[in-house]
Amino acid sequence: MNNRELSSTFKLIADLLEIKGENIYKILAYRRASESLSNLPQEAADLWKAGELDNIPGVGKAIAEKIDELLRSGHLGFLEKLTTEVPASLADLLRVPEVGPKKAALFWKNLGIIDLAGLEAAARTGKLNGLPGVGEKSEARILAGIEALGRRSGRTPLGQALPFAREIVAWLRAQPGISAAEMAGSLRRMKATIGDLDFSAATLTPDEVMEAFVSYPRVIRVIGRGSTKASVEFDNGLRAQLWLHPPAEYGTALLYATGSKEHSVRLREIAQKKDLSLSDHSLKHPDGTESFYADETSIYAALGLKWIPPEIREDRGEIEASRKDKLPNLIERKDLLAEFHIHSTWSDGQASIRKMAEAAMQRGLKVLAITDHSASLGVAGGLSIDELARQREEIDTVQKELGDGIRLLQGAEVEIKADGSLDYPDDALERLDIVIASLHTSLRQPREQVTRRVLSAIQNPHVDILGHPTGRLIPDREGADLDMDEVFKGAKASGVALEINAHPSRMDLEDIYARQAAGMGIPITVNTDAHHPDQLDLIEYGLGMARRAWLEPQQVINAWPVQKILSWLEKRENGN
DNA sequence: GCCGTTTTCGGCCCGACTGTTTTCAGTCG
């Protein structure tokens, strides 16, 4: 059982206990453990073997025993007993907006509803209307919510959400009466996927601003609207929340709207220990007076902390680091001087090598590796050995034409085949300046098999980078079930760099893994996988992931000086 | 159920919005 399965098991327990009406703090304890497990960079099973389960935050004696039972036997008596009391399918009702644990219990006990289909049928036939606390409007909203669930497949990739959110922020900033506006929530934290879009703005005329917001041309539905907070749905299916505060409160407001929830909870705890109460409006003193903060830096300072970059506000140690003034020097766009993963018209790219190189130069890059697909990836027009040789000539020509402004490398994105062998023979790999090995096919192999496959690839002395390690595609395809600890050990031993692929549909490695790997001293590389010159700008998504992983410039080979990059490749070439 | 530079017991983050209430419960973030 992996972390994801453990995490969802404890989330299910929390949901069912909540519907059952259990003590809220017990429920919170299960939720906390569930969150913790999903954020864990190493496998809980390994901690379990080492007898270190209680090192997991939020896991105490009772939950550790349950993890133990799950890992030993694959099932959990406690949950089996619980589901005889509360049907497991009831947890699905909580996914419907407007339906929480109390309503779910109400529908179950009064109408015998135990799943989404039952709820939908009851809502359609007007059976919900008339139950205590449920009227006509609630029933209509629940029905709309169920229909929306069917339409929307969960979370939106950051790559879709961010450009649209920029449009909204630009519009907000142009409104009269708004002195500041930012995106907030998981958007601002650069998470790979986004639920709703969050915005925070500062204004002294909230009524006018709110009126303008809900009248924005692309708003098709107003879900809720007050004087300081509104929730809308746009014509593209995305939903957004806008919070309004006076400029004097903008610091606490933006802090609160940005989250994460776990980070906010920790900050409130710190306030509480100082006998203060932190809200999105102010810091309240015991005598009832309030202090206001117009920017985030000052509210962090009031709590004895340095300002924390949004990308790492996840309660993963950033608060401790901030208190001790040990926050990482996070990598920035200007640090990135090299791009090691792009495609040209030689395979499935849309632009020539020359065009790609010019676009790279315009963006200030000093090194560009041309890494077209290898032969077996037929769908992507992979290159044969002969074509590789001819491509080398073209790269040399373009290099001469463009001069010293940029250093072009000939590379390849070589397929790791199902048996773990690479798609080019060693002598062909040896002639390349840089080699990325990637999984594209047979991702569903069992954990041990797919892990062995990756290990055998990175043990090849010619391989320099493991590309988008898990092969996941957001939002449709889960990545391979790799044993990351083994992959990291292998990468460490062979000196192979692990990629954070910046393409919004990949964002792979994830932050927690990239952080873990970098912590072991494994070089990380952030690349766009661009198939078109414009796509070189996708680097911002990879950068976001790198920052979420706490990465500093020296840990990322794209930020190394050109000479260091070249000598790193040189050294690897010589089997070192 | 978890957790401890106030604590091994008694706490556990805060506020807005909505609908169905005539003073508040439920949901959400």
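So you know, we letter chains A, B, ... as the sequences are listed, proteins then strands, and number each from 1. Worth saying up front: this structure is predicted, and the values here are computed from it rather than measured.
With sequence neighbours excluded, the residues that form a side-chain contact (heavy atoms from CB on, under 4.5 Å) with E52(A) are L47(A), A50(A), N55(A). F292(A) meets the ring pair (Phe, Tyr, Trp, His ring centres under 6.0 Å) test with no other residue; sequence neighbours excluded. For E478(A), the side chain to side chain donor-acceptor pair (under 3.5 Å) partners at least two apart in sequence or on another chain are R4(A).
When both distances must be under 3.5 Å, the Watson-Crick or G-U wobble mate of dC2(B) is dG11(B).
Using a 4.0 Å cutoff on non-hydrogen atoms, no part of residues 1-10 of chain A comes near DNA chain B. For the segment residues 250-277 of chain A, the set of residues with a heavy atom within less than 4.0 Å of an atom of DNA chain B comprises Y256(A), K261(A), V265(A), R268(A), E269(A), Q272(A), S277(A), in numerical order. Within residues 101-123 of chain A, the residues having any heavy atom closer than 4.0 Å to DNA chain B are, in order of number, P101(A), K102(A), K103(A). Contact check of residues 13-26 of chain A against DNA chain B (heavy atom, cut-off under 4.0 Å) returns Y25(A), K26(A). Contacts with DNA chain B (heavy atom under 4.0 Å) in residues 284-319 of chain A: K284(A), listed by number.
Between E43(A) and K49(A), none of the side-chain N atoms (NZ, or NE/NH1/NH2) sits under 4.0 Å from a carboxylate O, so this pair counts as no salt bridge. Classification of D54(A) and K61(A) as a salt-bridged pair fails, no side-chain N sitting under 4.0 Å from a carboxylate O. Note on R266(A) versus E269(A): salt bridge recorded, some NZ/NE/NH1/NH2 to OD/OE distance being below 4.0 Å. A salt bridge does not link R239(A) to D196(A): none of the charged side-chain nitrogens sits closer than 4.0 Å to a carboxylate oxygen.
Side-chain contact, Y216(A) with E167(A): a donor N or O sits under 3.5 Å from an acceptor N or O.
Nearest-nucleotide assignment on DNA chain B puts the 5′-proximal partner with V59(A), out of W243(A) and V59(A). A residue-by-residue look at A62(A) and S279(A) shows that A62(A) has its nearest nucleotide of DNA chain B further toward the 5' end.
Atom-to-atom, NZ of K324(A) to P of dT5(B) comes out at 13 Å; the value is rounded to the nearest Å. As a whole-Å value, the separation of L37(A) CG from dC2(B) P is 12 Å. Atom CG in N55(A) sits about 11 Å away from atom P in dC3(B), given to the nearest Å. As a whole-Å value, the separation of Y30(A) OH from dC12(B) C1' is 16 Å. Per the geometry, CZ belonging to R31(A) stands 14 Å off C1' belonging to dG29(B), to the nearest Å. Rounded to an integer number of Å, the gap from D196(A) CG to dT27(B) C1' is 14 Å. The distance between atom CD1 of I56(A) and atom C1' of dC2(B), rounded to the nearest whole Å, is 14 Å. As rounded to whole Å, 17 Å separates atom P of dC14(B) from atom CD of E249(A).
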Under 3.5 Å, sequence neighbours excluded: what are the donor-acceptor pairs made by side chains of residues 82-93 of chain A?
| unit_1 | atom_1 | unit_2 | atom_2 | d |
| --- | --- | --- | --- | --- |
| T83(A) | OG1 | L79(A) | O | 3.1 |
| T83(A) | OG1 | E80(A) | O | 2.9 |
| T84(A) | OG1 | K81(A) | O | 2.4 |
| E85(A) | OE1 | K20(A) | NZ | 3.0 |
| E85(A) | OE2 | K81(A) | NZ | 3.4 |
| S89(A) | OG | I114(A) | O | 2.6 |

May I have the list of side-chain donor-acceptor pairs in residues 251-261 of chain A shorter than 3.5 Å, sequence neighbours left out?
| unit_1 | atom_1 | unit_2 | atom_2 | d |
| --- | --- | --- | --- | --- |
| T252(A) | OG1 | E249(A) | O | 2.9 |
| T252(A) | OG1 | D280(A) | O | 3.0 |
| T252(A) | OG1 | H281(A) | O | 3.4 |
| T258(A) | OG1 | R188(A) | NH1 | 2.8 |
| T258(A) | OG1 | L254(A) | O | 2.7 |
| S260(A) | OG | E262(A) | N | 3.4 |
| S260(A) | OG | E262(A) | OE1 | 3.3 |
| S260(A) | OG | H263(A) | N | 3.2 |
| S260(A) | OG | R313(A) | O | 3.0 |

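I194(A) and L158(A) get closest at one heavy-atom pair: CD1-CD1, 3.8 Å. The shortest non-hydrogen separation linking P163(A) to Y541(A) is CD-OH, 3.7 Å. The two residues A44(A) and I56(A) have their closest heavy-atom pair at CB-CD1, 4.5 Å.
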Q: Scan nucleotides 16-22 of chain B nucleotide by nucleotide, 5' to 3', and note B when protein non-hydrogen atoms come under 4.0 Å of the base, S if they reach only the sugar-phosphate, - if neither.
A: SSSSS--
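Using modelled atom types, no side-chain atom of E139(A) and backbone atom of V134(A) make a donor-acceptor pair closer than 3.5 Å.
Aromatic rings from F164(A) and F234(A) are positioned such that their centres are separated by under 6.0 Å.
Atom name P, nucleotides dT21(B) and dC13(B): the rounded distance is 32 Å, in whole Å.
Using cut-offs of 30° and 60° on the angle between ring planes, the pair F213(A) and W171(A) is tilted.
To the nearest 0.5 Å, the span separating CE on M507(A) from CZ on R548(A) amounts to 8.0 Å.
Annotation for E320(A): atom CD counts as buried by contact number, over 12 foreign heavy atoms lying within 6.0 Å.
Within the structure, side-chain hydrogen bond (donor to acceptor under 3.5 Å, both in side chains) pairs that include any residue of residues 108-126 of chain A comprise E120(A)-R124(A), R124(A)-E147(A), T125(A)-K127(A) (at least two apart or interchain).
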